[in-house]
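Note sheet for the following structure.
In listed order, ligands and their atoms are each counted from 1. All residue numbers in this chain count up from 1 along the given sequence.
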Amino acid sequence: MRIRIIMATIKTLSRKQFFNTLATLIVGSFAILWWKVADRQNETESGSMVWRIKSSLTRGITFHEQFYLVVGGEKAKAFSTRCTHAGCRINKESNGLVICPCHGSKFDAYTGQPVQGPAANALRELSCRFDERSKEWIVKG
Ligand code: FES
């Protein structure tokens, strides 16, 4: 049904309107893609990886592949998502705990300390600060 409506709409457009609409859609798609990429720019700084995260998050946890960010008001911490047991990527949070999908280790999300094995060591904490000028969290590790 929707396709019929779209096709009927397209048939009513002049050639110029059609190409203008098509160009707008293409430019819009690239703008969205650029925004997504710019949101997670990676760079290196004296041998360390640096991630810039645009986030309006004021409280909570977000996962960013190599690390997760815990924001509580104006403070934030970042921890590696590499599990200290056998290196799996941690990608899940529940009730303030981050959980490894491989063997079920659980870590306190705010300290990185293990609360349930088999992992015995804490997650690696990364440096994290908020850049007022760019309004980005800058994580370095
Ligand atoms: Fe995470 Fe084993 S790799 S619990």
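- Here the straight-line distance linking atom OH of Tyr110 with atom CD1 of Ile61 works out to 4.5 Å at 0.5 Å rounding.
- The SG atoms of Cys88 and Cys102 sit under 2.5 Å apart.
- The protein heavy-atom contact nearest to atom 4 (S) of ligand 1 is Ser105 OG, 3.1 Å.
- Taking CZ of Phe67 as the start and CG of Leu126 as the end, the distance is 7.5 Å to the nearest 0.5 Å.
- Residues His64 and Thr62 bring a donor and an acceptor atom of their side chains to less than 3.5 Å of each other.
- Taking the N/O/S atoms of His103 in turn, the shortest distance to atom 2 (Fe) of ligand 1 belongs to ND1.
- For Asn95, the CG atom sits in a loose shell: 12 or fewer heavy atoms of surrounding residues, nucleotides or ligands are nearer than 6.0 Å.
- Atom 2 (Fe) of ligand 1 has an N, O or S atom of His85 closer than 2.8 Å.
- Shown in contact with Cys100 at under 4.0 Å from a heavy atom are these atoms of ligand 1, numbered in order with element: 1 (Fe), 3 (S), 4 (S).
- Residue contact check: Cys88 has heavy atoms under 4.0 Å from atoms 3 (S) of ligand 1.
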